[in-house]
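First comes the structure, then the notes that go with it.
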Amino acid sequence: MIPKIQENPSVGSHIGVPAAGNVSIPQAGQAPTPYDYIALLPVLITAATPLILGLKKKDKDKGDNE
């Protein structure tokens with residue numbers, strides 16, 4: 001027996017996403033604003049955290065071996 005979803009694939013299989021009209025996309029040659037730099041801080045912190053913790057662990061391991 002075929003499940004009802006496969007019988008009528010148009011029901012519940014499409015998710016509509018509205019077009020974003022108010023999004024400001026920097027154009028080529030346009031200087032970044034201070035807000036652009038501030039908006040990147042959480043990404044940079046998230047990317048740098050494992051690196052910093054990894055370096056601290058290596059330093060701690062070196063101290064334990066001596």
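- Applying the side chain to side chain contact (heavy atoms under 4.5 Å, CB included) criterion to Thr46, with sequence neighbours excluded, gives no partner residue.
- With sequence neighbours excluded, no residue forms a side chain to side chain contact (heavy atoms under 4.5 Å, CB included) with Pro42.
- The distance from the CG atom of Leu40 to the OH atom of Tyr35 is 10.0 Å, given to the nearest 0.5 Å.
- For Ile52, the side chain to side chain contact (heavy atoms under 4.5 Å, CB included) partners at least two apart in sequence or on another chain are Ala48, Lys56.
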